[in-house]
Student: 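Dropping the structure in here first, questions after.
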There are 2 protein chains.
Amino acid sequence: MTDASNGAGTVGKALEVLDQVATFGRPARFSELLASSRFPKATLYRFIQTLTNEGMLAYDPDRQTYALGVRLVRLAHAAWEQSSLAPVARRHLEALSAEVGETVHLAQLDNAHVLYVDKVNAHTPLPMYSQAGKIGPAYCTGVGKVMLAYLEAEPLARAVAQQSFHVFTPQTLASAAELLSEIRVIRENGFGFDREEHEPGIICVALPILTPTGRLLGALSVTSSTSRTGLPALEKLAPRIREAATAISREAAQWRFPDTPSIPA
Amino acid sequence: MTDASNGAGTVGKALEVLDQVATFGRPARFSELLASSRFPKATLYRFIQTLTNEGMLAYDPDRQTYALGVRLVRLAHAAWEQSSLAPVARRHLEALSAEVGETVHLAQLDNAHVLYVDKVNAHTPLPMYSQAGKIGPAYCTGVGKVMLAYLEAEPLARAVAQQSFHVFTPQTLASAAELLSEIRVIRENGFGFDREEHEPGIICVALPILTPTGRLLGALSVTSSTSRTGLPALEKLAPRIREAATAISREAAQWRFPDTPSIPA
DNA sequence: AACCAAGTTTCATATACTGGAACAGCCGGT
DNA sequence: ACCGGCTGTTCCAGTATATGAAACTTGGTT
């Protein structure tokens, strides 16, 4: 029996190496990668060779370093367009942000962590790549907790098991028990807060984006600071956010298929 | 010796499948993928399973479709930041675009094709993901021809062999011979044009971005239309563009290493 | 010249990839 | 209800392919 939780198979291992290079954050040398790798020298070497040949890694002969390759950028473009909610959601995010005058986040679940897929800042329209792709913890962010709350029992358990429960602020939920009780509250309300659990002074309301069948697609949040507003004020925004969330869900459903018409080949 | 031109090895095949899903442009069903795949049913199935488990593909149980996964978005974020010129180049692109009042492209070579890494439009600041990641032909674009011109003999030959030489307009260079002679001209001038070779009415000047040692990093172009300006006017911009190109190259060199200091491990 | 570290190649071994074929589930038709 | 046809999933023997210790280059340092 192959252990599925572990990166089984050659492909999984190769992707592990890819992740390692990504985590490095800058072009890395072979020996640096070797130091932080669980693979023996020859094996790692072959993986890197393969990935380089495939264009997933780029080798800089001047500096003898490896970086993530351009093929990844190409794939990412396609991924962002076809798999994430961002393309359909963008105009809703913009409208919402303009209306409430705060920063709006769109997130999806990646493994057990929060992947920010898009972000619209009320006052500084930023080029989005700089914002998208970031990952964050699930147990101490508004979007994270809300998404966990709408998971099935089994995936939820697996996700909770992966939380680090690092304490960032006095408000941080520091255990699985606290998180699960918070999740129950979120399920009842239909929305969740971030009460300065991740960063002091930063608060937010978050709502899930669900399919008509109730499956989780992602989450939407409006973020602000304690100096500007409070939780009660944010709570008042919940209905408006839900509006955006359902709109996004509805459009996503249609958009996924322009309807596979019976084009006869 | 393994045939490198072919996607040898398990990893290569898996990535091939990934590309296939990407090319599809929308969430695809298993059978659709099977139809356009060179792999037998069981093999393709296992690949897709693996990639899904690894988060490179996302499965939509409602529709029974596969799309590119979120892990790719995360990787892409890192790729864009560490491997492409875009982060260091952006402010130069913006300055250049504002100054000349035209659209500026930043491109790199992916295999034998042009990968647009960033784009700054003079009049409509756009979120960049929608622009970056696009690929285009090398033989009939300004950036493409310029980048080919600064390749070594052997990679150049390989790249030229991969051009389709599809004729888009009356000006399109339709053969390797024509392309190579154009490349000689570009080498002499240090810059190249697109003379409505890809799209009627669209022209551009392009310059390479080179390391101090002369290795090719990418290319920069200013695009306009025949209705607004002409080639002579664009040619006048070449020195200004070169300025930006050298600045980008210089910054890229520093930035790649905050300097690997002699950290004694 | 001798040494050391970083990177590359080799090769016997057995792991884990392969794909034909058989199986399950789901429809629409008769 | 029964039957084909179609899509998606699982099995399993055979073998191609990945593995990693060790040997070998390469380039720089004492």
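Per chain, numbering begins at 1; letters A, B, ... match sequence-line order. Because the structure is predicted, anything quoted here is derived from the model rather than measured.
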Student: Can you measure Gln49(A) atom CD to dG20(D) atom P for me and round it to whole angstrom units?
Tutor: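 Taking CD of Gln49(A) and P of dG20(D), I get 17 Å after rounding.
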Student: Respond yes when some side-chain nitrogen or oxygen of Ser31(A) is under 4.0 Å from OP1 or OP2 of dA5(C), and no when none is.
Tutor: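 It does not, given that no N or O in the side chain of Ser31(A) lies less than 4.0 Å from OP1 or OP2 of dA5(C).
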Student: I need the OH-P distance between Tyr66(B) and dT7(D), as an integer number of Å.
Tutor: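 These atoms are roughly 15 Å apart.
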Student: Under the side-chain contact (heavy atoms from CB on, under 4.5 Å) test, which residues partner Ser36(B), sequence neighbours left out?
Tutor: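 Ser36(B): side-chain contact (heavy atoms from CB on, under 4.5 Å) contacts with Gln20(B), Phe24(B).
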Student: Tell me, please, which residues at least two apart from Pro40(B) pass side-chain contact (heavy atoms from CB on, under 4.5 Å).
Tutor: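 With neighbours one apart ignored, the set is Thr43(B).
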Student: Nearest whole angstrom, please: distance from the C1' of dG20(D) to the CZ of Arg38(A).
Tutor: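 Going from CZ in Arg38(A) over to C1' in dG20(D) covers 14 Å.
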Student: Spell out, as yes or no, whether a donor-acceptor pair under 3.5 Å connects the side chain of Arg71(B) to the backbone of Glu54(B).
Tutor: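 Between the backbone of Glu54(B) and the side chain of Arg71(B) there is a qualifying donor-acceptor contact (under 3.5 Å).
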Student: Rounded to whole angstroms, how far apart are CZ on Arg29(A) and C1' on dA6(C)?
Tutor: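 Rounding to the nearest Å, CZ of Arg29(A) and C1' of dA6(C) are 8 Å apart.
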Student: Please report how far the helix from dA1(C)-dT30(D) to dT30(C)-dA1(D) bends, comparing the axis fitted to its first five pairs with the axis fitted to its last five, to the nearest 10 degrees.
Tutor: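 It works out to 20° between the end axes.
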Student: Which residues pass the side-chain contact (heavy atoms from CB on, under 4.5 Å) test with Leu34(B), not counting sequence neighbours?
Tutor: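 Only Phe30(B), Lys41(B), Leu44(B) meet the side-chain contact (heavy atoms from CB on, under 4.5 Å) criterion with Leu34(B).
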Student: List in chain and number order the residues that pass side-chain hydrogen bond (donor to acceptor under 3.5 Å, both in side chains) with His92(A), two or more places apart in sequence or in another chain; answer none if no residue qualifies.
Tutor: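 Only Glu251(A) meet the side-chain hydrogen bond (donor to acceptor under 3.5 Å, both in side chains) criterion with His92(A).
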Student: Name the closest nucleotide to the Lys13(B) side chain, picking from dT9(D), dT17(D), dT8(C).
Tutor: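 Nearest to the side-chain atoms of Lys13(B), counting from C-beta on, is dT17(D).
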Student: Which heavy-atom pair separates Leu72(A) from Met56(A) by the least distance, and what is that distance?
Tutor: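 Nearest pair, atom of Leu72(A) first, then Met56(A): CD1-CE, 3.3 Å.
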Student: What residues, two or more places apart in sequence or in another chain, satisfy side-chain contact (heavy atoms from CB on, under 4.5 Å) together with Ser31(B)?
Tutor: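 Result, side-chain contact (heavy atoms from CB on, under 4.5 Å) vs Ser31(B): Arg29(B).
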Student: Go through the structure and list residues passing side-chain hydrogen bond (donor to acceptor under 3.5 Å, both in side chains) with Thr246(B), not counting sequence neighbours.
Tutor: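 Checked Thr246(B) against side-chain hydrogen bond (donor to acceptor under 3.5 Å, both in side chains); zero matches.
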Student: Does a nitrogen or oxygen in the side chain of Thr10(B) sit under 4.0 Å from OP1 or OP2 of dA16(C)?
Tutor: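 No, outside the criterion.
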Student: Listed by chain and number, what are the side-chain hydrogen bond (donor to acceptor under 3.5 Å, both in side chains) partners of Arg242(A), not counting sequence neighbours?
Tutor: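 None.
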Student: If I take atom CG in residue Leu34(A) and atom P in nucleotide dA5(C), what distance separates them, rounded to the nearest angstrom?
Tutor: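 Value for this atom pair: 14 Å.
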Student: Pull out every residue in residues 40-48 of chain B that has a heavy atom closer than 4.0 Å to any atom of DNA chain D, ordered by number, or say none.
Tutor: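 Within this stretch, Lys41(B), Ala42(B), Tyr45(B) sit under 4.0 Å of the strand.
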Student: Rounding to an integer number of Å, can you tell me how far Glu16(A) CD sits from dA18(D) P?
Tutor: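 It is 17 Å, rounded to the nearest whole Å.
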